[in-house]
Every structure is written in structure tokens, then in C-alpha cells.
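Structure first, commentary second.
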There are 4 protein chains.
Amino acid sequence: MPKRSILSSVKDERLVEKRRNQIIQGAISLFKQKGFHRTTTREIATESGFSIGTLYEYIRTKEDVLFLVYEAINNHVHERLVQVIEAKDPSPKNLIGIIDSYYRLMDEMQDEVTILYQEVKSLKTDIKEQVLEQERSKVQMLKEAILNCLPEKATNIEAELLANNIFVQGHMWGFRRWTLSKQYTIDEYIHMQLRFLFTMLKSEAEFEEA
Amino acid sequence: MPKRSILSSVKDERLVEKRRNQIIQGAISLFKQKGFHRTTTREIATESGFSIGTLYEYIRTKEDVLFLVYEAINNHVHERLVQVIEAKDPSPKNLIGIIDSYYRLMDEMQDEVTILYQEVKSLKTDIKEQVLEQERSKVQMLKEAILNCLPEKATNIEAELLANNIFVQGHMWGFRRWTLSKQYTIDEYIHMQLRFLFTMLKSEAEFEEA
Amino acid sequence: MPKRSILSSVKDERLVEKRRNQIIQGAISLFKQKGFHRTTTREIATESGFSIGTLYEYIRTKEDVLFLVYEAINNHVHERLVQVIEAKDPSPKNLIGIIDSYYRLMDEMQDEVTILYQEVKSLKTDIKEQVLEQERSKVQMLKEAILNCLPEKATNIEAELLANNIFVQGHMWGFRRWTLSKQYTIDEYIHMQLRFLFTMLKSEAEFEEA
Amino acid sequence: MPKRSILSSVKDERLVEKRRNQIIQGAISLFKQKGFHRTTTREIATESGFSIGTLYEYIRTKEDVLFLVYEAINNHVHERLVQVIEAKDPSPKNLIGIIDSYYRLMDEMQDEVTILYQEVKSLKTDIKEQVLEQERSKVQMLKEAILNCLPEKATNIEAELLANNIFVQGHMWGFRRWTLSKQYTIDEYIHMQLRFLFTMLKSEAEFEEA
DNA sequence: CATGAATGAGGGTTCATTCAT
DNA sequence: TATGAATGAACCCTCATTCAT
């Protein structure tokens with residue numbers, strides 16, 4: 001899913017890839033701590049391991065860094081999701097596996113997810129579109145998993161909403177862990193959310209069995 | 001719930017109240033459009049109807065404005081929630097009313113809610129605590145509404161999670177309306193979320209009846 | 001001839017006038033030494049007697065300074081020219097006086113004139129138009145002086161060209177004084193140019209007489 | 001007239017010559033459009049057809065490029081002038097031919113001449129000396145043409161001034177064509193300037209005849 | 001000889017904050 | 001109390017120049 005729209009003045013594709021990964025790692029680490037606006041381009045350069053001049057050989061503006069970060073986070077989540085879903089045949093049990101994996105992934109990526117929520121609004125429209133499209137595709141994957149694994153239990157439109165709910169509840173664990181984690185472990189959180197889901201879909205039987 | 005921690009050099013309490021409301025209205029209007037960081041203190045002053053010097057008679061730093069805004073938004077939601085809940089006796093039907101009101105409130109306050117998500121992280125810790133505490137109290141209200149209106153249908157811990165889910169799903173309507181509103185009207189959204197909730201609580205009967 | 005198109009964020013008109021004069025003096029002094037591009041805005045601020053922040057209260061961009069300078073120089077020349085021309089009735093003798101004054105003015109303003117030649121090209125078009133219009137009006141004044149003081153000696157179109165020649169020869173004294181001043185004093189230069197002019201206009205008689 | 005003071009790290013003289021011509025052509029083309037300061041060394045390298053690294057094999061600093069350009073323009077004008085003057089025997093008619101050629105050359109080289117006026121001032125002194133010396137020699141050529149073609153019509157010192165006037169009026173056509181070309185075609189301009197010149201020199205007879 | 005990635009000083013500009021009036 | 005001119009640290013970004021390959 002490259003579709004790199006960010007231009008670089010450096011020609012060597014491999015180097016661009018490498019440097020951009022450094023930038024992404026550096027930036028994520030800083031954005032986690034202080035957010036996008038409070039992070040300076042010089043800090044990003046230093047954290048990435050090179051000079052400010054070099055940073056600007058690989059991006060055009062600071063906002064490009066934000067997009068690179070969004071894209072990287074989204075790609076990472078997307079790839080993991082594809083792996084999990086494609087590894088399994090459709091079955092209620094496997095739906096549990098998929099959603100469980102998704103929640104755990106969100107747990108691992110707490111900080112990254114928080115970054116996602118910060119500045120989408122202020123991105124230029126075309127870049128914003130891309131970011132939102134990336135989100136949409138992930139909700140679609142969850143929706144199809146529901147429809148495939150529990151056929152005839154949910155209408156298309158119900159599945160869509162449930163997929164959105166799951167998606168956001170995943171983020172919620174990251175976002176609101178300051179309060180949630182006082183009440184539940186990640187295991188308990190997942191277990192309860194899954195039980196609710198299967199109850200909603202009137203599939204308690206399948207849930208217990210699995 | 002004043003608990004004003006923001007100091008002002010002006011003594012006249014009434015004036016402080018009035019000016020701060022001007023600030024809050026001006027700032028919300030600007031933050032909606034461009035976010036906190038892209039809004040300047042000068043703009044806030046102008047939008048509030050006075051000069052930059054005057055602005056600084058009522059706040060200490062720009063971050064104070066953010067807190068004032070958070071507090072105002074939270075208070076508004078809180079008051080509305082209290083109104084709805086206290087107006088009704090506990091009953092399944094009234095739980096529907098409460099949650100319905102909550103969702104509609106979130107619909108009205110889409111932009112304000114978006115503001116809430118943007119910069120909490122960068123607040124100084126003590127102020128952050130206050131903001132988070134304000135959130136917590138709203139989740140508690142929802143939780144108690146669930147426990148009171150549908151007694152014995154949910155454990156304490158289940159109600160807590162459901163309240164969190166509802167809370168976040170309300171925000172979600174504001175946050176993700178770019179995609180959700182293509183699929184559902186607000187009425188449909190609320191109806192489906194409510195049906196899911198009552199199904200989870202195995203209270204379909206009560207839901208149909210209401 | 002104010003027509004100030006340069007915006008300032010400061011309201012007090014008198015102060016704006018005063019500060020802009022400081023800027024103009026400071027900038028001219030620096031542009032004389034190192035040209036526009038090699039002068040930094042910080043240097044302009046310091047030379048003007050205030051901080052960089054204050055400088056930007058009175059201009060929007062560095063290019064504004066250039067325009068202010070152009071305008072000031074042009075206005076100065078214009079005013080002096082108007083004074084001289086209006087003080088005298090039209091007569092051959094007085095044409096000599098006018099042109100003599102013009103050349104001496106150019107002598108005084110050597111450095112300023114050099115600045116005028118430097119960056120007109122890179123100004124934004126609308127501002128450039130203004131600057132060129134200011135030049136045009138001065139050539140017109142010289143042309144009319146010729147036509148009025150030596151009626152029937154030159155056609156309209158000849159007077160136009162002669163005015164242009166005089167105008168540029170005035171600049172030339174400033175521009176090429178590194179070589180001209182080795183050959184002539186300013187008095188000799190003026191005398192010779194005037195004699196050439198009157199010869200061209202076949203008015204040697206009037207020249208000798210005056 | 002090589003007298004190359006610009007050092008190159010490349011040894012092969014022929015290559016140096018070739019590369020420098022590329023640089024000069026590229027740079028002139030860019031300086032015409034955006035001036036010296038707004039042109040980057042990278043742009044010069046690209047326009048010249050090679051990399052930034054290679055550019056710096058043939059120059060030491062960006063200012064060297066400016067000198068190379070000055071020198072090339074001056075040489076070009078000089079050579080053309082020499083051709084014209086040496087091709088003709090001294091006669092009033094041929095003076096007209098010489099000056100006419102000079103004006104037409106200036107017309108062709110409008111942009112180049114504009115470049116000449118821009119940055120001489122900021123050159124280092126020794127290089128500046130060379131550029132000015134090159135100018136001086138051209139004025140001398142014009143002066144001698146006047147003295148030779150119209151003997152006894154002008155003193156040495158008058159011829160010097162007239163040569164300067166012609167020299168600058170040639171530039172003026174390039175510099176001020178935005179206004180001059182509204183009034184005259186190049187033919188008319190030249191004709192009038194020549195007529196003025198011959199009148200000044202009291203050689204109307206020779207002018208009409210030629 | 002040619003290349004182009006790396007460097008970092010320095011440039012233009014902004015904006016939160018102060019303080020004299 | 002209200003004003004708004006003044007401040008300067010700090011930001012984003014550019015670009016001449018170098019040097020390892």
C-alpha cells in the first residue's frame with residue numbers, strides 16, 4: 001500500500017525507505033511524549049539520527065511527517081489484521097480470535113492510536129482523505145469477518161455498526177486506559193466485550209463453545 | 001462545579017465570570033475551526049470582544065483557555081445529564097430516554113467533543129487530572145442509570161463497561177460522523193445502539209415494550 | 001502621496017509614520033552597504049532601533065521594507081523636483097536651474113539611486129507597477145519643463161526622449177561616478193550635459209545668455 | 001580576454017572551458033528569470049546539465065558564477081563591438097553604423113544587461129575591478145570611434161562624456177523598455193538618439209547625408 | 001571526474017506574554 | 001480595568017558547500 005505521495009529530493013529509493021523509517025520511529029516516539037505541535041522539526045531530525053538538513057531531504061513540510069506517521073501506523077494495523085483474518089477459516093471461534101487479536105494489537109499500540117486522534121483535522125484535505133480511507137478499510141475488514149463468521153446472525157447494516165463499535169472500543173482501551181485499566185485487565189476487557197458482542201448477536205451458544 | 005483554579009488579576013467576581021464566558025465562547029468557536037494550536041491568543045481576544053491585554057487580565061497562559069473550554073464543555077454535558085436523569089424515575093423506559101438524550105446531546109455538541117479529544121494529553125498534570133475526573137463522573141452517572149433502571153440485569157462491573165461503551169459511542173457519533181452519517185440517521189443510530197444494549201442485557205422484552 | 005498599501009498591525013497612525021521612517025532610514029543605510037538580499041530583517045530592526053518583533057508590527061514581509069524604501073526615495077526626489085519647478089516661471093534660464101538641481105539631487109542621493117536599480121524586478125507585480133508609475137511621473141515633469149521653458153524647440157516626442165535621457169544621465173552620475181568623477185567634477189558634468197542639451201535643442205543662444 | 005581568476009579543481013583545460021560555458025548559459029537563463037539571489041546553485045547545476053557536485057568542481061563559490069556570467073556578457077559585447085569597428089574605416093556614416101549596431105546589440109541583450117546592473121556592488125573588490133575595467137574599455141572604444149569618425153568636432157573630454165551617454169542610453173533601452181517601447185520602436189529610438197548626437201556635434205549635414 | 005547525500009548556520013516570520021499608559 | 005505596542009525566544013525551512021563513494 002505504498003502510494004507515497006510525499007516527495008523526496010533523494011533518488012535512491014532504498015535509502016528513502018530507510019530514512020523514512022527512521023523518521024517515523026523518531027517522530028512516533030516524540031509525538032507520544034509531546035504531541036505533534038509541541039515537537040519541533042529539529043527534535044525529529046535529532047531523534048531520527050540525522051541533521052535538520054537531512055530531514056528535509058526526505059520530506060517537504062512538517063505535516064508530511066505527520067502523514068508518514070499516520071500511514072505507518074495504519075499500515076501496521078492493517079497488515080496485522082490481514083494476517084489474522086486470512087490465516088483463519090470463517091467460524092464463530094475464529095471471529096473471537098480475530099477480535100481478540102485486534103484488541104491486543106490496540107493494547108500494544110496505545111500511544112500510536114492516541115497520535116491518530118490528534119491532528120487529522122488539520123491535515124490538508126487530500127491527505128486527510130487518504131487517512132480516513134485507510135480507517136474505513138479496517139472497519140470493512142471487521143464487518144466482513146462478522147458476516148462471514150456468524151452468517152445470518154446480523155444484517156449488513158448491523159454488522160457495519162458493530163464493526164464500528166469494535167473498532168472504536170479497541171481505540172478506547174488505548175485512549176481510556178487511565179480509567180479502564182483500574183477496573184479490568186486486558187484479558188477481562190476483551191472477554192467482556194466479546195461476550196457482549198456475541199450476546200448482541202444472539203450467539204451465546206457459539207461463544208460458550210469457543 | 002466551579003473550583004476555579006485559574007487565577008485572575010481582576011477582583012470583581014462578576015466581571016471575571018462574564019469575561020470568562022466571553023473567552024470560552026470565542027475560544028470554542030475558534031478551536032472548532034482550527035484547533036487549539038493553530039489559534040492565537042490575539043484571535044481569542046478579538047473573538048471574545050476585547051484586547052489582548054484584557055485577555056491576560058483573566059487568564060495566566062494560553063493553556064488556561066484550554067482548561068476553561070474543557071471545563072465549560074464538561075459542565076454543560078454534565079448539567080444536561082443531571083437534568084435528564086433526575087427528571088425521571090428509574091425504569092427501563094427511562095433508561096432509553098436517558099441514553100437517547102445523551103446521544104442527541106453528543107450530536108449537538110459534535111465539534112465541542114472533538115475539541116475535548118485533541119489536547120488533553122498536553123495539559124499539565126494537575127489540570128489534566130481535573131478534566132479526567134470530570135469525565136469519570138459522567139461515566140458514573142450512566143453506570144448508575146443502568147444499574148437503577150435495569151436492576152439485576154447487570155453486575156457492577158458489567159454496568160461500568162457498558163457505561164464506558166455508551167459514553168464512547170456517543171463521542172463516536174461526533175467523531176466519526178463523516179462515515180457513520182452515510183449509513184444511518186441519528187435516529188437510526190440511536191435505535192440500533194439501544195437495541196444492542198438491551199439485547200446484551202437480555203432485556204429485549206423491556207426494549208420492545210418501551 | 002501616501003497611498004500606503006503596506007499594512008501594519010499598529011493602530012496609531014502617527015506612531016506608524018514615525019516607526020516607518022525609522023525603518024526606512026535604517027534600511028537605506030544598510031541597503032547602501034550590502035544591498036537588499038544581504039541585509040537581514042534582524043539587522044534592519046536593530047538599525048531602526050527596535051526588536052525584530054517590533055519591526056514586524058509595521059511590515060508584513062521583508063519585501064515591504066524594500067517598497068517603503070523605494071517609495072521614500074521616490075517621494076523625496078519628487079518633492080524636491082516639484083519645489084524647484086513650481087518656484088520658477090518657465091524660461092530657458094530656469095530650465096537650466098531645474099536640470100541643474102536635478103543633477104545635484106542625484107549627486108546627493110547617489111547611494112539611494114543605486115538601491116532603486118537593484119531589486120525592482122523581483123517585486124510583486126502590483127507593487128512594481130506603483131514604483132514604475134512613480135518613475136514615469138518624474139520623467140513627465142522633466143518633459144513638461146522642457147516643453148514649457150523652451151517652447152517650439154522640441155516636439156512632444158523629442159521632449160519625451162530628452163527627458164528620459166536627462167533622467168538616466170542623472171542616475172548615471174551616481175551609478176558611474178567611479179569612472180566619471182575621475183574626469184569631471186559635478187559642476188563640469190552638469191555644465192557639459194546642459195550644453196549638449198541646449199545644442200540639441202538648437203538653443204545655444206539661450207544657453208550662453210543664461 | 002581569458003585572464004581566468006576563477007580556479008577549478010579539474011585539470012583538463014578543454015573540459016573546464018566546455019563546462020564553464022554550460023554553467024554560463026544555464027546561469028544566464030536563470031538569472032534573467034529570477035535574478036542572482038533567487039537562483040540556487042542546485043538550479044544552476046541542473047540547468048547546466050550536471051550535478052551539484054560537478055558544478056563545484058568548476059567553481060569555488062556561487063559568486064564565481066556571477067563573475068563568469070559578467071565576463072561572458074562583457075566579452076560578447078566587446079567582441080561584437082570590435083568586429084563592427086574594425087570592419088569600417090572612420091567616417092561619419094560609419095559612426096552611425098557603429099552606434100546603430102551597438103544599440104541593436106543592447107536590444108538583443110536586454111536581459112543580459114539587466115543582470116549586469118544587479119549585483120556588481122556585492123562582488124569582492126578585485127573581481128569588481130575587473131568587471132568595471134571591462135566596461136571602461138567599451139566606453140573607450142565608443143569614444144575613439146567618435147573622435148576618429150568625426151575629427152575636430154569634439155574635444156577629448158566631450159567625446160568621453162558622449163561615449164558614456166551613448167553607452168548608458170544603450171542600456172537604458174533595455175532597462176526602461178517597459179516605458180520607452182510604448183513610445184518608440186527600436187528604429188525610431190536609434191534614429192532620434194543619433195540625430196541628437198549629430199546635432200550636439202554640429203554635424204547635421206553629415207547626418208542627413210548618411 | 002562525477003555524483004548526490006549530508007550538513008548546519010542562518011534566514012524570514014510568528015506569537016505568547018509583559019507592562020507602561 | 002483596559003489597552004496595545006514592544007519583546008525575543010523559538011519555529012519551520014532553505015541552501016551553499018563538502019566529501020565519501
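In what follows, chains are A, B, ... by sequence order, proteins preceding strands, each numbered from 1.
Evaluation of atom-type donor-acceptor distances gives a pair under 3.5 Å for the side chain of C/Arg42 against the base of E/dT13.
When all heavy atoms of A/Val131 and A/Tyr70 are compared, the pair lying nearest together is CG2-CD1, 3.8 Å.
One interatomic measurement links the two molecules: OH of B/Tyr56 to P of E/dT21, which rounds to 22 Å at whole-angstrom precision. Rounded to whole Å, atom C1' of E/dT14 lies 16 Å from atom CZ of A/Arg38. Atom-to-atom, NZ of C/Lys62 to C1' of E/dT13 comes out at 12 Å; the value is rounded to the nearest Å. Rounded to an integer number of Å, the gap from CD of A/Glu63 to C1' of F/dC12 is 13 Å. Atom pair D/Ile23:CD1 and E/dC1:P shows a separation of 14 Å (rounding to whole Å applied). Residue A/Leu55 contributes atom CG, which lies 14 Å from atom P of F/dC11 at whole-angstrom precision. Per the geometry, CD belonging to A/Glu13 stands 15 Å off C1' belonging to E/dG4, to the nearest Å. Rounded to an integer number of Å, the gap from CG of A/Leu15 to P of F/dT21 is 13 Å.
Side-chain nitrogen and oxygen atoms of B/Thr40 include none within less than 4.0 Å of the OP1 or OP2 phosphate oxygen of E/dC15.
Here E/dT13 is the nucleotide among E/dA16, E/dT13, F/dA2 with the atom lying nearest to any side-chain atom of C/Thr61. Ranking F/dA6, F/dA2, E/dT14 by closeness to the C/Arg19 side chain, first place goes to F/dA6. Comparing F/dA5, E/dA5, E/dT13 by their nearest atom to the side chain of A/Lys11 picks out E/dA5. Which of F/dT1, F/dA6, E/dA9 sits closest to the side chain of A/Ile52 comes down to E/dA9.
Proximity of a side-chain donor or acceptor of D/Thr46 to a complementary backbone N or O of D/Arg42 within less than 3.5 Å is detected.
The partner of F/dT21 is E/dA2, by the rule that a Watson-Crick or G-U pair needs both atom distances under 3.5 Å. F/dG8: Watson-Crick or G-U partner is E/dC15, with both key distances under 3.5 Å.
In this structure, D/Ser51 reaches the bases: a heavy-atom distance under 4.0 Å links it to at least one base atom across the strands shown. At a threshold of 4.0 angstrom between heavy atoms, the contacts of C/Thr46 with the nucleic acid are absent.
Remark: C/Lys18 NZ is loosely packed, at most 12 non-hydrogen atoms of other residues, nucleotides or ligands lying under 6.0 Å away.
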